[in-house]
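For reference, the structure is listed below as structure tokens.
Residue numbers begin at 1 in each chain, while the letters A, B, ... track the order of the sequences.
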Amino acid sequence: MTKLVLIDGSSYLYRAFHALPPLTNAAGEPTGALFGVVNMLRGHLKEKPEHIAFVVDAPGKTFRDEMYPDYKANRPPMPDELRAQVEPMLEIVAALGIPILREPGVEADDVIGTLALQASAQGLAVTISTGDKDFAQLVRQPAADAGPVALVNTMNGSRMDSDAAVIDKFGVRADQIVDLLALMGDAIDNVPGVEKCGPKTAAKWLAEHGSLDGVIANAAAIKGKVGDNLRAALARLPLNRELVTIKTDVALAQAPADLALRERDADALRGLYARYGFNQALKELDGGAATGAVANREPGVARGGGFVAAAAPASQPEIAPALSAPGEYETVLTEAQLTDWIAKLQAADEFAFDSETDALDPMRANLVGLSFSVEPGRACYLPLGHDYPGAPAQLSRAQVLDALRPLLSDPSKKKLGQHGKYDLHVLRRHGIDVRGYADDTMLESFVLSAGIARHDMDSLAKRHLGYDTIKYEAVAGKGAKQIPFSQVAIDDATRYAAEDADITLRLHRVLRAKLQAEPTLEAVYRDIEMPLVPVLARVEANGVLVDADELRRQSAELGRRMLAAQQQATELAGRSFNLDSPKQLGALLFDELKLPALVKTPGGAPSTNEEALEAIADQHELPRIILEYRGLAKLRGTYTDKLPEMVNPDTGRVHTSYHQAGAATGRLSSSDPNLQNIPIRSEEGRRIRTAFIAPPGRKLVACDYSQIELRIMAHLSEDPALLRAFAEGADIHRATAAEVFGKPIAEVSGNERRAAKAINFGLIYGMGAFGLAKQLGVGRGEAQDYIALYFSRYPGVRDYMERTRQQARDAGFVETVFGRRLALDYIHARNAAQRAGAERAAINAPMQGTAADIIKRAMVQVDAWLADNRERALMILQVHDELVFEADADFVPILLEQVPALMSGAARLRVPLVVDSGVGDNWDEAH
DNA sequence: CGAATCCGTAACGTC
DNA sequence: GACGTTACGGATTCGA
């Protein structure tokens, strides 16, 4: 069969340039790319093709630029060392007798595509020589009426010549390649695809939905972040497909038959080879028969299969869209401007402010600038610490803060912000005690729509103002290239920071109106959330003293025991494996050892979780060892290794961060580190609490609500039996057992109490018979009997639960005792499992949320009481139903008298709120 | 191409 | 039920 070789010249030139070291000839001219291309060409000529063409891009715009002005906009200009090699390359190609094609208005790709299909139709065997993966769309197997079209990449020796090879490489058929590329996009050509969608994801979608049109039609059903990204990119996908489709119908002067390989010009070649120092090629030219494929000596070969993806040097980082200012933003650099703005702030009823810093951790961040806004569309940025070379002179931080202090610390001067707790920390650490922090848009949003929305400023601006804010990444970059805000150009910083203050103010106007329309919610916001802000800031700033040496000792011991467990596991398995990898463990247990896989992960794989391992622990020793190892690894990896790292070098203490708008139920959450999940249940876990200590002369005091959620259930359900039990101060689990099992309290067995306790917890969590059965280790029927029995004894509870479910279905939300609304997104989900989950949440949320409201109120009151005793006692932790204090030893009795009383009095329910407390030198002892 | 980074999953600590 | 953190492993993107 007659052969036609089509060479993608530009692609090779670029790839050879980047793949090969920057070689030069004796005269110092760059030759690396040339060398690569020459070797590639010699490789092809060995195959003695009858027809061949070297195709390069013609200068000027193409039809793709017409279609999409930004096409290849990111591509930097050709480096000079490469440009210098273009002419010599063409000279060599010509001297080799290879026809050169340059077609204006289209790209080399389109010329190759057109010729390839024409030749194939004429029965020729076509080889496209390129490093560009896009050509996979042209691959054809030989057919009765058409010749094959194959791809080769001589840089790495790969060859793609069949449907199977395309599928093997890309996971889709050749005719789906354009769809695949449209989804992926192409950074080099500046064709943005679906973010986070690479070859794997695109191939998966195409396998499911057949084609790009199929994917577009089913876009709504695709989950996760990439699903969102897909929907955001939907509009441009058809254009993408056009851009990546290689044309096969270009009107060309040449037909395949015109591309015959001509006689080479040996003299010209000899001169060129000599000039560029291609000794091997020269020898071959004169000696005639060289042996072996020259191409295989290229350094690129060793790296193995796959097409090289990048043709051009790295593109510029994406340029942010013009930072369009929605309002008038002023950079304050002079005293006159500052005076002017202070006057504006003084005159305003309220103003928004925001701080810019050089770190996320408010306990470490330094102030870089402040922004203010007094009316929508007007804001200023006051740079204080920009220190890049060439930064304009800025006002002195100390003087500016002194000038602002009266304003910021005046309680009657109302301020508002977005997540102002952060700013309160930063300013406090710079000597300003902010008072009069009156409104916070994050908390307004949280109270208005907990459970359904995000409450960060970017989301709020989009949702309530329809406005796209400037993203932090747009001014500071991201990843490894991110610069601290102090290095951001002041002009960019002004647009970003002033916008923050401006948007905060505008958002507040919108959100305040929404809150005013809902008096109950407004009360939750005004009476519970806002007063808590400075309290949380204080608790965080106080921090907790941690005995790092004790933790290190524990780490060392845990490490020894982990090693022992690992050795035993290796022994039992007969080989080493990664004990931390559920995947490897699953393969070992279920594939190699053939143990039964009784539990599945949500993803359908055999689970290796605790339940699954317990279930097979009687059949093999290994599961027990794994469980032992896991327990130790958890403690070490999460706590004993990590906590010492979290000690703040300035304060010597650990400062967690409480998220006030974190949990859908109104609870706080804690992170960096999370101090709300320090172990307590297991003996060895509990030891970690001994490392949370009081300094000499002080004690830790822990006060916790006893059974607060069950008490709230009693209150909400008004069930007489439950109310009575709490009123009598009974051991509630024992009392429940007595009711359910129909015997006097004194005769309840330990086992019966345990069962009752499990039922009580199950109720709080909205657990069904299935969950309870699991918890108790009994059959589902038996668990169902317990529940039925429970409801017959506590009919008020049963009615309350049904009312709550109904309320959730009717209104889409449930409420706490204080009127906080908790939205239930999936209460009407089509998916039954999702719906059931939402119903369980509906049961749980009012109890959990009311408990959260109560302890928040208590914290505010306790903090107010402590205001006069800040040197003697500090509130240092909150763990959902527990408050922990550090107090002078002689102040402890007073604390023990006051705090439990304040906590009990934080709400008036139909049952008493009992608070237990304990004292010790460490957190473990304080329980 | 390899390295860095992002993302989802599995597991598990607390209340 | 509500969280946050860890580790892994695969996918994506960066950077040269």
Side-chain angles (χ1 to χ4, degrees), chain A residues 15 18-19 155-156 184-185 187 193-204 223-226 299-300 302-304 306-310 312-315 317-318 451 478-481 578-586 601-605 607-613 626-627 630-631 633-639 641-642 656-657 659 662-682 685 688 704-705 707-709 761-767 771 822 837-849 851-852 855 878-882:
Chain A
R15 282 174 167 74
H18 288 290
M155 297 280 296
N156 57 23
M184 285 167 55
V194 176
E195 261 195 274
K196 298 286 165 217
C197 173
K200 303 289 176 182
T201 309
K204 192 178 79 184
K223 290 183 294 189
K225 195 147 184 151
V226 273
R303 276 185 249 131
F307 279 65
V308 180
S315 53
E318 215 172 316
K478 62 174 178 172
K481 299 222 312 205
N578 183 350
L579 277 76
D580 291 316
S581 166
K583 199 177 161 184
Q584 292 183 29
L585 179 61
T601 69
S607 172
T608 64
N609 68 10
E610 185 175 351
E611 187 193 346
L613 296 185
I626 298 292
L627 286 170
R630 284 234 182 106
K634 178 80 178 181
L635 293 178
R636 197 169 105 126
T638 311
Y639 305 107
D641 276 356
K642 291 287 149 45
T656 183
S657 180
H659 300 247
T665 52
R667 266 193 185 176
L668 300 178
S669 71
S670 155
S671 66
D672 310 298
N674 181 357
L675 295 185
Q676 290 183 322
N677 71 341
I678 304 301
I680 191 168
R681 293 176 201 188
S682 75
I688 292 167
D704 67 285
Y705 286 108
Q707 309 295 351
I708 187 167
E709 294 186 359
F761 273 104
L763 288 165
I764 292 171
Y765 295 156
M767 196 190 280
L822 310 166
E839 289 193 359
R840 284 194 291 276
I843 302 292
N844 171 255
M847 295 185 266
Q848 204 181 98
I855 197 165
Q878 190 257 37
V879 192
H880 305 311
D881 65 356
E882 171 183 8

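- Straight-line distance from the NZ atom of A:Lys200 to the C1' atom of C:dT13: 15 Å, rounded to whole Å.
- Look at CG on A:Leu585: it is 22 Å from P on C:dT6, rounded to the nearest Å.
- The distance between atom CG of A:Asp580 and atom C1' of C:dG9, rounded to the nearest whole Å, is 13 Å.
- A close approach under 4.0 Å does occur between a side-chain nitrogen or oxygen of A:Ser581 and OP1 or OP2 of C:dG9.
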Dump every N/O contact between nucleotides 5-7 of chain B and the protein below 3.5 Å, one line per pair.
{"unit_1": "B:dT5", "atom_1": "OP1", "unit_2": "A:Ala480", "atom_2": "N", "d": "3.4"}

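- Shown here are the salt bridge (Lys or Arg N to Asp or Glu O under 4.0 Å) partners of A:Glu882, two or more places apart in sequence or in another chain: there are none.
- Within the nucleic acid shown, A:Ala852 has no heavy atom closer than 4.0 Å to any nucleic acid atom.
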Heavy-atom protein contacts under 4.0 Å, nucleotides 10-15 of chain B, coded B base, S sugar-phosphate only, - none: SSBBBB
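- Applying the side chain to side chain contact (heavy atoms under 4.5 Å, CB included) test to A:Ala202 and every residue at least two apart in sequence or in another chain returns A:Leu180, A:Leu183, A:Met184, A:Cys197.
- Applying the salt bridge (Lys or Arg N to Asp or Glu O under 4.0 Å) rule to A:Arg636 yields the partners A:Asp641; only residues at least two apart in sequence or on another chain are considered.
- In this structure, NZ of A:Lys583 is placed 7 Å from P of C:dG9, rounded to the nearest angstrom.
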DNA chain C base-pair string [pairs: Watson-Crick or G-U under 3.5 Å; |: paired with another strand]: |||||||||||||||.
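- Residues satisfying the side-chain hydrogen bond (donor to acceptor under 3.5 Å, both in side chains) criterion with A:Asn578, sequence neighbours excluded, are absent altogether.
- Residues that satisfy the side chain to side chain contact (heavy atoms under 4.5 Å, CB included) test with A:Lys196, not counting sequence neighbours, are A:Val226, A:Asn229.
- Within 4.0 Å (heavy atoms only), A:Gly766 reaches no atom of the nucleic acid at all.
- Under a 3.5 Å cut-off, the side chain of A:Thr601 and the backbone N or O of A:Gly603 do form a donor-acceptor pair.
- Partners of A:Arg840 under the side-chain hydrogen bond (donor to acceptor under 3.5 Å, both in side chains) rule, at least two apart in sequence or in another chain, do not exist in this structure.
- Closest approach of A:Leu668 and A:Gln676 over heavy atoms only: O-OE1, 3.5 Å.
- Residues that satisfy the side-chain hydrogen bond (donor to acceptor under 3.5 Å, both in side chains) test with A:Asn677, not counting sequence neighbours, are A:Tyr639.
- With sequence neighbours excluded, the residues that form a side chain to side chain contact (heavy atoms under 4.5 Å, CB included) with A:Glu839 are A:Arg805, A:Arg809, A:Ile827.
- Atom CG of A:Asn578 is separated from atom P of C:dA7 by 11 Å (rounded to the nearest Å).
- Under the side-chain hydrogen bond (donor to acceptor under 3.5 Å, both in side chains) criterion, A:Ser581 pairs with no residue at all, not counting sequence neighbours.
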